[in-house]
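Some notes on the structure that comes next.
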Amino acid sequence: MDKGPHNQDTRSNHDVGAKLRSSNADEAIGFTELWCPENDDQPHGPVAILLETGKITTDDFKAALEHQKNNRRLGILDALIETKVVDEVTVQEAVAAYFNIPFQPIKPEDVDPDIFKLLDSDFIKRRRVIPIRRDGNKIVVGISDPADIFLIDEVKRRIGKPIQLVVTPANDIIAAADELAESPLGSVDDIIEGIGEDDVEVVETKTDEVADLEKIAGESPVIRYVNFLITKAVESEASDIHIEPCENTLRIRYRIDGVLFEQPAPPLQMHPAIVSRLKIMANLDIAEHRLPQDGRIRAMVHGRHIDLRISTLPTTHGEKCVIRILDNRSILRGLENLGMWDDTLEAFRQQITQPHGIILVTGPTGSGKTTTLYSALQVMDGETLNISTVEDPVEYQLDFANQVNVRENIGLTFAVALRSLLRQDPDVIMIGEIRDEETARIAVQASLTGHLVLSTLHTNDAPSSVMRLMDIGIEPYLISASLNAVLAQRLVRRICENCKTRKTKITSAEASYLEKHQANISQMFHGAGCEKCRHTGYSGRLGIYEMLVIDDEIRELIRPDVSLAEFRRMCIERGMRTLVWDGLQKVQAGLTTVEEIARVTET
């Protein structure tokens, strides 16, 4: 804990403390100013203050030094506390005086619950630092070790606002975090309509142990907490809920706009009952803890039909459970609402009206490919066209399409389902993902025999898709003959309109990124942070796109002897606009930030 400056006289110690205070941790201090190994057995820093104020004697200090020699992991301040010479509060008062930072003990009621959420509760307890309240444009942050400049930088980065430090005892921080992180079970009935009785099926019990667990999972507090968890996620427009058991705590996180945010969690002891409750709702085997399981729940939340996909995975500390929230309102958005520029949207619309050929949508997991494909199917005439899909799994029910769910455990693979679909007189076929040569070959054959095929592929950009098809075994002449277009995409967070402000100064990282891509941005915006966006500065997402239309000149380049770099260069020369270009145009338009574009496009 004793990480303060080690100098030979108290006055120089105070000078360094004043230097840290005056910078308010905005400027890094060199290591030589913070610590010097000389005279390590002499009182310095907060210890010198404790001696000056009579809180400890020289004999106390020597006894603590002796204790420290036998316990090398301890700092001198920790040694003073362990030998019961002084208590933690007295030591923290000296630390605060040394760094010239206010000392502020806290109780849970002193902490603003909304400000507390600016940091994950696990991070707060582990690093002994807590956001307490707002003071003007600054966030008052309690910290037990103000000498840890790396922690201060991390807190500033996570909060994203100016901070004002106060020294707070570690025990106070932990107590406040424990209380504020507790789940408000008593208020669940007021904020949730719950899950209908018809949506819950109870699996048969097999042993007394399972019967007891099922009984616990059916008790009111557990049911109410699971209902609260799901409802709060839907209200927050989360796409996933992560329930993660750790060694001593339970971690609950929501994925909102592609980023995980930690939520208040119940005690670890509730974890088995929560997972069992979800298994009961999804009609899974609550007696099986050693193998992964997948299930589905159909629920009604605030009058909306919500599909939940449940996935459990055995980990070292218990079963981790991830709930994917599938909401038709979020996926069936319409092509015009995805964030494409007008010319890109028009080019994509022209491609999906072609009578035959392959259209690929590429990008990593979670980049919105399924949303784009479903939106494309929506604009097609389901009355006059036979539209069929093969998915693993079927994520959303489409009234105008025949949907097939892949079940590899019984032999119903993408290839088997596609062969059967081709005998069903289809006009349009959507394949959830092209994973192997067999599926790709059938897709090519279908496109060459008069069908329009839409599918996804996991590649980093549009030109890479052509090379990927060759890598899995498709001959270049077949790719050239069948491929119509490739749309690569990513999802970036949108600047919150409620707190959007013009950015007056760019960071060195942003300047470096703009210079690297030879971009000249005349204006940039960012979100200052507000209640609406959970103080992140972002609310919602939009896509950035790279549209490659395969014309005659591009077709001639689809050869084994053409490298990916040369192929990409030729595509750009033919008019393809890259993901980075599209993203920076959206920065210029004030829709997102350079930081977001770099996050999703840089490896």
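Only heavy atoms go into these numbers, but all of them, side chains included; no hydrogens, no water, no symmetry mates.
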Point to revise | side chain to side chain contact (heavy atoms under 4.5 Å, CB included) evaluation trace for Leu308 with Leu278 | key: CA-CA 10 Å; Leu308 307 173; Leu278 290 166; over 6 Å; no

**Study point:** Shortest non-hydrogen contact between Ile173 and Arg128, atoms and distance
**Key:** CD1-O, 3.2 Å

Practice item. Answer yes or no: is there a side-chain heavy-atom contact under 4.5 Å between Arg251 and Glu262? Key: yes

Practice item. Provide the closest heavy-atom pair for Gly529 versus Cys499 in the form atom of the first, atom of the second, distance. Key: N-SG, 3.2 Å

**Study point:** Considering all heavy atoms, the nearest Asn460-Leu579 contact
**Key:** O-CD1, 3.8 Å

**Study point:** Heavy-atom side-chain contact between Leu229 and Ile252 under 4.5 Å
**Key:** yes

Review point. Should we say atom CD of Gln523 is surrounded by more than 12 heavy atoms from elsewhere, each under 6.0 Å from it?
Key: yes

Point to revise | N/O donor-acceptor pair under 3.5 Å between Thr312 side chain and Gln293 backbone | key: yes

Review point. Under 3.5 Å, is there a donor-acceptor pair between the side chain of Thr249 and the main chain of Cys246?
Key: no

**Study point:** Smallest separation among heavy atoms of Tyr225 and Pro264, with atom names
**Key:** OH-O, 3.9 Å

**Study point:** Sidechain N-carboxylate O distance under 4.0 Å for Asp307, Arg296
**Key:** yes

Review point. How many angstroms lie between atom CD1 of Ile143 and atom CD of Gln104, to the nearest 0.5 angstrom?
Key: 13.5 Å

Exercise for review: Show your working on side chain to side chain contact (heavy atoms under 4.5 Å, CB included) between Phe123 and Arg158 and close with a plain yes or no.
Suggested key: CA-CA 11 Å; Phe123 179 83; Arg158 291 191 178 214; 3.5 Å; yes

Point to revise | Glu288/Arg290 ion pair, N-O < 4.0 Å | key: yes

Practice item. Answer yes or no: is there a side-chain heavy-atom contact under 4.5 Å between Leu260 and Arg255? Key: yes

Point to revise | Minimum heavy-atom distance between Ile132 and Gly142, given as atom pair plus value | key: CD1-N, 3.7 Å

Check your understanding: Any side-chain heavy atom of Gln92 within less than 4.5 Å of one from Ser144?
Key -> yes

Review point. Do Glu595 and Arg599 meet the salt-bridge criterion of a basic N to acidic O distance under 4.0 Å?
Key: no

Practice item. Could you point out which residue of Val492, Ile495, Leu542 forms a side chain to side chain contact (heavy atoms under 4.5 Å, CB included) with Leu591? Key: Leu542

Review point. Between Glu510 and Lys503, does at least one N-O distance fall below 4.0 Å, as a salt bridge requires?
Key: yes

Exercise for review: Could you check if a side-chain atom of Thr593 sits within less than 4.5 angstrom of a side-chain atom of Tyr538, using non-hydrogen atoms only?
Suggested key: yes

Review point. Is any side-chain heavy atom of Ile159 closer than 4.5 Å to a side-chain heavy atom of Val141?
Key: yes

**Study point:** Check: Asn227 side chain, Arg224 main-chain N or O, donor-acceptor pair, under 3.5 Å
**Key:** no

Review point. Can a salt bridge be assigned to the pair Lys125 and Asp178 using a cut-off of 4.0 Å between side-chain N and carboxylate O?
Key: yes

Check your understanding: Hey, are the side chains of Lys279 and Ile310 touching, using non-hydrogen atoms and a 4.5 Å cut-off?
Key -> no

Practice item. Please lay out, stage by stage, how Ile325 and Tyr254 fare under the test side chain to side chain contact (heavy atoms under 4.5 Å, CB included). Key: CA-CA 10 Å; Ile325 301 172; Tyr254 291 165; over 6 Å; no

Review point. Hey, mind stepping through Val259 and Arg493 against side chain to side chain contact (heavy atoms under 4.5 Å, CB included) and telling me if it holds?
Key: CA-CA 9 Å; Val259 179; Arg493 291 184 289 176; 3.8 Å; yes

Revision key, fill the gap. Heavy-atom closest pair (Pro146 atom, Val167 atom, distance to 0.1 Å) is CG-CG2, 3.9 Å

Exercise for review: Using distance alone, with no hydrogens and no angle criterion, decide if Arg134 and His535 have a side-chain donor and acceptor under 3.5 Å apart.
Suggested key: yes

**Study point:** Side chain to side chain, Pro266 and Leu250, heavy atoms closer than 4.5 Å
**Key:** yes

Review point. Between Glu319 and His289, is any side-chain donor less than 3.5 angstrom from a side-chain acceptor?
Key: yes

